[in-house]
Amino acid sequence: MFNTFYEATRIKDGLLHLNISNAKDITNYGITMIARNNPNLLSIDISGCSNITDIALREIGMNCSKLENLNISSCLEIDGSGLGAIAETCRLLLKLNISKCRTIQNWSMKKIFYECKQLEEVNVSYLNKIGDEEIRVLAQNCCHLLTLSAAECPYISDTSIQILAQHCLDIDYIDLSRNISMLALGQKSHSLRTLKLNGCDCITDVGLNWLTEGCKALEEIDLSNCNKVSTELYCSNIIYVVYKLPSL
């Protein structure tokens with residue numbers, strides 16, 4: 001039947017973009033076969049693939065050196081050794097999403113931040129282990145960073161935010177929900193356009209004044225559930241403001 005009904009076809013330049021997010025049945029073997037037969041892959045989204053481990057990431061690293069976009073969000077079996085292989089060979093990486101990979105080790109994050117200096121978009125949200133040291137390595141080595149999502153990362157302090165603001169001058173989107181330094185951003189992040197502060201209990205009107213005095217390009221700010229912020233924010237350049245949600 002397969003000889004007459006189905007005939008495999010080959011893509012001339014190989015597969016360029018792969019999105020199999022939440023494919024629960026995909027295994028390391030499947031990713032290995034894809035990586036070995038498609039060396040021109042530019043983007044891979046395997047977020048939520050619960051059976052994928054560092055073995056598959058190592059194969060991607062060894063075979064897909066042109067990779068620009070990697071999304072492994074919620075891959076709970078990845079601890080970081082495969083990410084190290086990505087760092088050694090995929091030096092053109094522009095976008096990296098490792099959010100909710102709660103077993104990933106800090107050394108692997110520092111390695112990829114150090115080696116992949118072209119990174120523009122990074123998502124490390126919901127990683128309880130990441131802290132000032134990892135953000136420092138990111139900021140000092142990835143000066144082209146435009147977007148950082150680090151929501152619910154309790155160990156990121158003012159120190160790392162100051163370094164980020166100092167080195168990544170073109171950053172225009174930051175999500176540090178529940179953790180933020182207003183003064184550091186106001187002094188350094190002059191190109192910042194979008195800032196999400198949802199649930200930042202420590203933010204006050206004073207901090208927002210520091211922010212708006214320096215961030216003249218700021219257009220959108222999310223202040224929902226910031227209980228110490230008043231509902232009056234006077235800044236002519238801000239187009240969209242989300243205030244704290246009313247109590248139910």
Verdict with reasoning, Glu115 to Arg91, per salt bridge (charged side-chain N to carboxylate O under 4.0 Å, His left out): CA-CA 7 Å; Glu115 299 289 354; Arg91 304 295 176 84; 3.2 Å; yes
Considering all heavy atoms, the nearest Cys90-Cys116 contact: O-SG, 3.4 Å
Ser125 side chain to Ala151 backbone, donor-acceptor under 3.5 Å: yes
Name each donor-acceptor pair under 3.5 Å that joins a side chain in residues 79-89 to protein atoms two or more places apart or in another chain, with its distance.
residue : atom : partner : partner atom : Å
Asp79   : OD1  : Ser81   : N            : 3.3
Ser81   : OG   : Arg58   : NH2          : 3.3
Thr89   : OG1  : Gly61   : O            : 2.4
Thr89   : OG1  : Ala85   : O            : 3.2

Interatomic distance, Asp54 atom CG to Gln105 atom CD [nearest 0.5 angstrom]: 9.5 Å
Reported CG-to-CG distance for the pair Leu42 and Leu15, which is rounded to 0.5 angstrom: 9.5 Å
Check: Glu77/Asn51 side-chain N/O donor and acceptor closer than 3.5 Å: no
Minimum-distance pair of heavy atoms, taken over all atoms of Ile26 and Gly30: CD1-CA, 4.3 Å
Side chain to side chain contact (heavy atoms under 4.5 Å, CB included) against Leu146, all qualifying residues, sequence neighbours excluded: Glu120, Asp170, Asp172
Single-linkage hydrophobic cluster Val122~Ile163, side-chain heavy atoms < 4.5 angstrom: no
Thr194 and Ile221, any side-chain heavy atoms less than 4.5 Å apart: no
Ser73 and Asn71 side chains, donor-acceptor separation under 3.5 Å: no
Polar contact flag, side-chain donor to acceptor under 3.5 angstrom, Asn141-Lys117: yes
Same cluster (ILVMFWY, side-chain, under 4.5 Å), Ile174 and Tyr126: no
Test item: Asn19 side-chain N/O and Ser21 main-chain N/O as donor-acceptor pair under 3.5 Å: yes
side-chain contact (heavy atoms from CB on, under 4.5 Å) evaluation trace for Met109 with Ile130: CA-CA 8 Å; Met109 287 186 275; Ile130 193 169; 3.9 Å; yes
Where Ala150 and Val124 come nearest, the two heavy atoms and their spacing: CB-CG2, 3.8 Å
Verdict with supporting geometry, Leu96 and Phe113, side-chain contact (heavy atoms from CB on, under 4.5 Å): CA-CA 10 Å; Leu96 176 66; Phe113 294 159; 4.2 Å; yes
Hydrophobic cluster membership, Ile55 vs Ile98, 4.5 Å side-chain cutoff: no
Test side-chain contact (heavy atoms from CB on, under 4.5 Å) applied to Leu67 and Leu92, step by step: CA-CA 6 Å; Leu67 193 66; Leu92 301 178; over 6 Å; no
Shared hydrophobic cluster for Tyr114 and Leu148 (ILVMFWY, side-chain gaps under 4.5 Å): yes
Working for side-chain contact (heavy atoms from CB on, under 4.5 Å), residues Ile72 and Leu57: CA-CA 9 Å; Ile72 58 172; Leu57 279 189; 3.9 Å; yes
Exercise: identify the closest heavy-atom pair between Asp45 and Ser47: OD1-OG, 2.7 Å
Closest approach of Arg102 to Leu127 (non-hydrogen atoms, all atoms of both residues): N-CD2, 4.3 Å
Cluster companions of Tyr29 among Ile, Leu, Val, Met, Phe, Trp, Tyr (side-chain spacing under 4.5 Å): Met33
Short side-chain to backbone donor-acceptor contact, Glu134 and Gly131, under 3.5 Å: yes
Contact summary for Ile52 and Asn28, nearest pair of heavy atoms: CA-OD1, 3.6 Å
Heavy atoms from other residues, nucleotides or ligands near NZ of Lys129 exceed 12 (cutoff 6.0 Å): yes
Side-chain touch Ser50/Lys24, heavy atoms, less than 4.5 angstrom: yes
